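Dumping the structure here so I can ask a few things about it.
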Amino acid sequence: MAYIHLFISVSLPILIICTCGALLQKKQPIDTKMLANISLYILAPALILSALSQSHLKGSNVLHIFAFSLIMTAVLWLLAVVAAKWMHLSEGSKRALTLTLVFSNANNYGLPVLLLAFGQSGFHLAPFMSSVRLFSSMFLVATLHPVPK
């Protein structure tokens, strides 16, 4: 029963929005670059700021989240490096594998599931953890795999 509730409350709304977007795109082309920029530069920071302003994080919680995020990012990066060497990937494929493993795109599904599983108190931690993971991932990839000139 919990899985049906999870599907109806999390997956179904996403599927409905995706279907509406696909139908709209067929009827009238949409500037997806503009939508992506609005989401990246306006909506995501607004979500993070809103959640952080409503959360009551203690210093020890912040340190645990920060440490976990850094360790998880490093482990995923190391896994990508080992897998790329094991599979004898080209430099471009190695970069693609690293980006795929290190930058998880689980927030769209993860936030509603987190809210359902842990309630409002757990939900307030997610944007902080996501932002720490994002910035640590960006730093790691930029320093260890710089774009060739």
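What's counted below: heavy atoms across the whole structure, side chains too, no hydrogens, waters or symmetry copies. This is a predicted model, so every value here is computed, not measured.
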>> Nearest 0.5 Å, please: how far is CG in Leu76 from CD1 in Ile71?
In response: 12.0 Å
> Should side-chain heavy atoms under 4.5 Å link Ile, Leu, Val, Met, Phe, Trp and Tyr, which residues sit in the same cluster as Ile17?
Replying inline: none
> Heavy-atom distance under 4.5 Å between the side chains of Pro29 and Gln25, does that happen here?
Replying inline: yes
> With sequence neighbours left out, what residues match Lys27 under side chain to side chain contact (heavy atoms under 4.5 Å, CB included)?
Replying inline: none
>> I'd like to know whether Met72 forms a side chain to side chain contact (heavy atoms under 4.5 Å, CB included) with Phe68, so could you lay out the CA-CA distance, the side-chain angles of the two residues, the decisive distance to 0.1 Å, and finally the verdict.
In response: CA-CA 6 Å; Met72 188 166 98; Phe68 175 79; 3.7 Å; yes
>> Tell me whether Trp86 shares a hydrophobic cluster with Leu79, the cluster being built from Ile, Leu, Val, Met, Phe, Trp, Tyr side chains joined at under 4.5 Å.
In response: yes
> For Leu89, what residues pass the side chain to side chain contact (heavy atoms under 4.5 Å, CB included) criterion, not counting sequence neighbours?
Replying inline: Ala84, Met87, Ser93, Leu97
>> Through direct or indirect side-chain contacts below 4.5 angstrom among Ile, Leu, Val, Met, Phe, Trp and Tyr, which residues connect to Ile30?
In response: Leu24, Leu35
> Can you find a heavy atom in the side chain of Leu101 that is under 4.5 Å from one in the side chain of Trp77?
Replying inline: no
> Listed by chain and number, what are the side chain to side chain contact (heavy atoms under 4.5 Å, CB included) partners of Ile16, not counting sequence neighbours?
Replying inline: Leu12, Cys20
